[in-house]
Structure formats: C-alpha cells, structure tokens
Amino acid sequence: MGKKLFIKTQGCQMNEYDSNRMQDLLNLSHGFETTSEEEEADLILLNTCSIREKAQEKVFHQLGRWKRLKEKNPNLKIGVGGCVASQEGASIIKRAPQVDMIFGPQTIHRVPTLYENLENQNHPAIDTSFPKTEKFDHLPSPRAEGCSAFVSIMEGCNKYCSFCVVPHTRGNEISRPLEEVIQEVDSLAKKGVKDVTLLGQNVNSYRDSKIKTKGLGLSNLIREVATVAGIERIAYTTSHPFEFGQDLIDIYKEIPKLISHVHLPVQSGSNDILKLMRRRHTKEEYLEIIEKLKLARPEMSLSSDFIVGFPGETDKDFQDTMDVVEKVGYDESFSFIYSPRPNTTAKDLQDSVSDQVKKERLEYLQQKLESSALSISRRMVGKVRKCLVTGISKKDPGEFQARADNNKIVIFACNDQSIIGSFINLEIVEARNKTLKGVLAT
Ligand code: SAH
Ligand code: F3S
C-alpha cells in the first residue's frame, strides 16, 4: 500500500500554494497519497505561519497533539515548514522533540531529499536556507483542481515594514521569469483552469528577472497572461500602495479579464502611524490610487488589511483610519491587533495603548467593515452578474458556488452538475452575511 501524507496549512495563500506543491513533489518522489485523516498518515507536514504571535502559538499546540499519534505509530515522521520553521529553525526541536524535519518556505523542493535522509540518519533533517529561485526550478508542473488556480510569480519581500516578519522569514524579493510564469499558466489552462490568481507578498514589485536593465513589471505580466488560450479571469494578490503605478491602473481599462477587485492593504489611515510602520506612502497618496482605480473601473471592489493598536496610536490616528474606511467603502477586509514580532524594528517601540482600547478599536473597525461589505452586497441585489461556477457550495451540498466579477461569492441552485467551471449570468436575489444568493438569469 502507498504511503500516506497529511498536510496542515496555516496562514496565507503562499503557504497554500507551497503545500499543494509539496503534495505534488512527494507524490512524484515517494508515491505519497494525500489523506485527510491524520491517524493514517506516514508523514505529517505542518506549514506554519508566524505573522502574529497567536499564529505562532498554534504551531506548538498542534505539534503537541501529534506527539500522541507518534506514540501510537513510531514510524510516523513529522515535518515543520513555513515561516515559524524559517524563524525558529532547529530550536523547534528543543521544544518539540517529536519533530523529524524542518524546512523553510524557500526549501520546500528539498523535502523529498530531507525525508529520504531520515531513513539513513538518527537525527532530524534541517534546511531553512534561502537559495535563490532554485525552488521553482525544482517543482513539477502543477496539478489543476477545478477551474481556478494560484500561480506564484514572486517570493519574499524587500519592503521591511516595521511590524512585519515576512522579509525575515521568506527572504528578499525574487521574481520568476515571465516566460516561466506563462508556461505554468498555459499548462494549467490546458488542464481546464480558466481563472488564475497571481500570487506574491508584493506582486506590484514583480520584475521579469531575465531582463536586466528594465525588467517588465506586473502590468506587462497581466497582459501576457491574458493572451493564454483558455484563461478568462485574472486576479492578483497582494499588492502594495507603494509602486502602484499608472500602468497598473490603466491595465483595468485595457484587460477586461482582470477582475474588478483589488486587495490593497492600507494598515492605517494616519500619516504618523504609516511613517512609523515604514509603509512609504501617505493617506492622501493611498486615497488617490483608490480614486483612480474607481475611475478606471466604476464597479471596482476594494479590500484591505488593517492593524489597530500600533505603538503610540492615538484616538486621532484611529479616526484617520476610520476616515479612510468611510471614504473607500471597502468590501470584505481583514483587521488585526498589532502583535510585536521577532527581528522587526517596531518590536522595541514604546507601546502606550492599553489592551482594552486596542480591543475596542478593533471591534469598532470590524463592525464598520462588516456593514460596509454588507451594503456592497445589498447594492448588488436585483442585478445580473457574470459569475464563474467554482464548485459545490461548502455549506449546502445541494447548491453551487460561484464567484462574481467583483470576487463576491454567490450561492445558487441548479440541476446540471456539468455547470461547474462555466461562466453564467446570475441574478442576485439576496444579500446574506458573507455570501449572496443568486438564481440563473435567462
Ligand atoms: N504583503 C502584504 C501583507 C502580508 S502580511 C502587504 O503588503 O501588506 C498580511 C497582513 O497581516 C498584513 O497586511 C498586516 O495587516 C498583518 N500583519 C502583519 N504583521 C503584523 C503584526 N506584527 N501584527 C498584526 N498584524 C500584522
Ligand atoms: Fe510585510 Fe510590508 Fe512586505 S506588510 S510582506 S514587509 S510589504
């Protein structure tokens, strides 16, 4: 019987992408089949996130639970990858000696070798180095599951925002050659993918690495992806307000395949806090980009990440954030209380904001964000939208799930199973909490 692999993924979409690629790799190298039952696994991998302290704590709780599985099955191997692995390295084993293997986000391609080595050595296998784009050269062409796929276009981040651990755990920015990205998109399209999301921590600093002097940027890449036969919908995430040039705004007028949704994290609306965060832009510059995007695409939907309770954040600073929320009118967004992270420059800043105030601000912000998202949904009721049917509804297996052209999820009923993967027109009939209800429009 073939060996079984169980992977648990924490954190961002890059981690999800990496986990999928590890499944492909281990299937090729050792015939591993993926299982959803951890009890029957021969190898368990945890792809970790260290963006906030809470995320990091989850890692050790999870490893604690798996320790018991190992007591029952001494042949079980446990590997830890991702950002906690990159940050903590071998020290994870001190706290969790049940771990056999440690690898970073840039060494996932070496996992089969690390696993192989475990057979011949009686100590853990560790590799958290940052080899350049070697990772992509060693990954098999991806499987396609359904009509949507992620394609990683760059790795790491050079921005060093003062609160953020990513540049430390994922290393410096490296873009994949444009040609290679197009090949991957093409191979996915041939397997039935119609909808691709270009992925990276900082996609608008994408530069085709083959062209030395003036590398082609994200807008050019989008233009190329749009020419791949079979690709009908394109998205990207995450972009940064710094380096969001006019070319990226104009491309919305030029390429209708680009969805009418941008996730553009602002973090804070206060210029003082933005400066302390080292975000390299002001509130006004951010709002100007939003204005231009709305002009280029009137139906544009926007979302953001927010951090509240950054050291020194005053009521006035928080109000500036709320002002941005009001002016932009965001769709579904993410908000967090600031959490000091190792190696970051903000970690030593004097924090004067009480926990109570941080919680109150977060609650208030989230309430406003929710009602803003709901009012966007309500405005869609009665309208017909072009939607891509992505699969069966997660909540109700009797219904289907689709994504509207502004990224909203629409649930609808239909008798025809073969509708999955098609573009259809749905009339929006109801705005629910996070989703919309639609009916087939004739
Ligand atoms: N590359 C993205 C963000 C990556 S991290 C960007 O350009 O913004 C995802 C989100 O986690 C961030 O946008 C931020 O809102 C949040 N985050 C990052 N570090 C954090 C910290 N130390 N405390 C709280 N939230 C944090
Ligand atoms: Fe983090 Fe800022 Fe880069 S939030 S991922 S350092 S752009």
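Quick caveat: nothing in here was measured; it's all calculated off a predicted structure. Atoms within a ligand are numbered from 1 in the order they appear, just like the ligands themselves.
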Worksheet item: At a 4.0 Å threshold, what atoms of ligand 1 neighbour a non-hydrogen atom of Pro265?
Response: 8 (O)
Response to the item:
In terms of its nearest heavy atom to atom 4 (C) of ligand 1, the top option of Gln201, Arg341, His263 is Gln201
Discussion item. How far is atom 7 (S) of ligand 2 from the closest protein heavy atom, and which atom is that?
Written reply: His240 CD2, 3.3 Å
Practice prompt. Determine, using ring centers only, whether Tyr160 and His168 are less than 6.0 Å apart.
Written response: yes
Worksheet item: Among protein heavy atoms, which sits nearest to atom 2 (Fe) of ligand 2, and what does the distance come to when rounded to 0.1 Å?
Response: Cys161 SG, 2.3 Å
Worksheet item: What residue and atom, counting heavy atoms only, is the protein's closest point to atom 9 (C) of ligand 1, and at what distance?
Response: Asp305 OD2, 3.7 Å
Worksheet item: Would a distance-only check, ignoring hydrogens and angles, find a side-chain to backbone donor-acceptor pair under 3.5 Å from Arg341 to Ser50?
Response: yes
Worksheet item: Say you draw a straight line from CG of Asp320 to CG of Leu274; how long is it, rounded to the nearest 0.5 Å?
Response: 9.0 Å
Worksheet item: Under 3.5 Å, side chain of Lys386 to main-chain N/O of Asp405, donor-acceptor pair present?
Response: no
Worksheet entry | Location of contacts on Cys157 toward ligand 2, heavy atoms closer than 4.0 Å | side chain
Worksheet item: For atom 1 (Fe) of ligand 2, which protein heavy atom lies nearest, and how many Å away is it?
Response: Cys164 SG, 2.3 Å
Fill in: Test of ring centre spacing under 6.0 Å for Phe32 and Tyr115
yes
Practice prompt. Measure from the side-chain N and O atoms of Ser162 to the backbone N and O of Ala346, and report whether any donor-acceptor pair falls under 3.5 Å.
Written response: no
Worksheet item: Distance only, no hydrogens: is a donor on one side chain within 3.5 Å (strictly under) of an acceptor on the other, for Gln62 and Gln10?
Response: no
Worksheet entry | atom 19 (N) of ligand 1 [closest protein heavy-atom partner, distance rounded to 0.1 Å] | Phe163 CD1, 3.3 Å
Worksheet item: Considering only the protein, which heavy-atom contact is closest to atom 11 (O) of ligand 1, and what is its distance?
Response: Arg52 NH1, 3.2 Å
Worksheet item: Are Thr238 and ligand 1 in contact, using a heavy-atom cut-off of under 4.0 Å?
Response: yes
Worksheet item: Does ligand 2 have a heavy atom under 4.0 Å from the side chain of Pro167, from its backbone, from both, or from neither?
Response: side chain
Discussion item. Would Val165 count as a contact residue for ligand 1, given that I'm defining contact as a non-hydrogen atom of the residue lying under 4.0 Å from a ligand atom?
Written reply: no
Discussion item. Does only the side chain of Ile337 get under 4.0 Å from ligand 1, or the backbone, or both, or neither? Count heavy atoms.
Written reply: backbone
Item to complete: Below 4.0 angstrom from a heavy atom of Gln201, which ligand 2 atoms are there? Numbered from 1 as shown, please.
Response: 5 (S)
Worksheet entry | Nearest-0.5 Å distance, CZ of residue Phe242 to SG of residue Cys161 | 10.5 Å
Worksheet item: What protein heavy atom sits nearest atom 8 (O) of ligand 1, and how far away is it?
Response: Gln267 NE2, 3.3 Å
Discussion item. Less than 3.5 Å apart, any donor N or O on the side chain of Glu360 or Gln356 sitting next to an acceptor on the other?
Written reply: yes
Worksheet entry | Nearest-neighbour protein heavy atom for atom 22 (N) of ligand 1, which is reported as residue plus atom name and distance | Ser339 O, 2.7 Å
Worksheet, complete the sentence: Here the atoms of ligand 2 under 4.0 Å from any heavy atom belonging to Phe163 are 4 (S)
Item to complete: Below 4.0 angstrom from a heavy atom of Phe336, which ligand 1 atoms are there? Numbered from 1 as shown, please.
Response: 11 (O), 15 (O), 16 (C), 25 (N)
Worksheet item: Within less than 4.0 angstrom of ligand 2, does Arg279 place any heavy atom?
Response: yes
Worksheet entry | Polar contact flag, side-chain donor to acceptor under 3.5 angstrom, Glu16-Thr9 | no
Discussion item. Heavy-atom pairs closer than 4.0 Å: do any link ligand 1 to the side chain of Arg279, the backbone, both, or neither?
Written reply: side chain
Worksheet item: Does the side chain of Trp66 pick up a donor-acceptor pair with the side chain of Glu38 at under 3.5 Å?
Response: yes
Worksheet item: What is the closest protein heavy atom to atom 5 (S) of ligand 1, and at what distance does it sit?
Response: Ile51 CD1, 3.4 Å
Worksheet item: Any luck finding a side-chain donor-acceptor pair between Glu284 and Asn271 under 3.5 Å?
Response: yes
Discussion item. Check whether Tyr206 reaches the backbone of Leu178 with its side chain - one donor and one acceptor, N or O, closer than 3.5 Å.
Written reply: yes
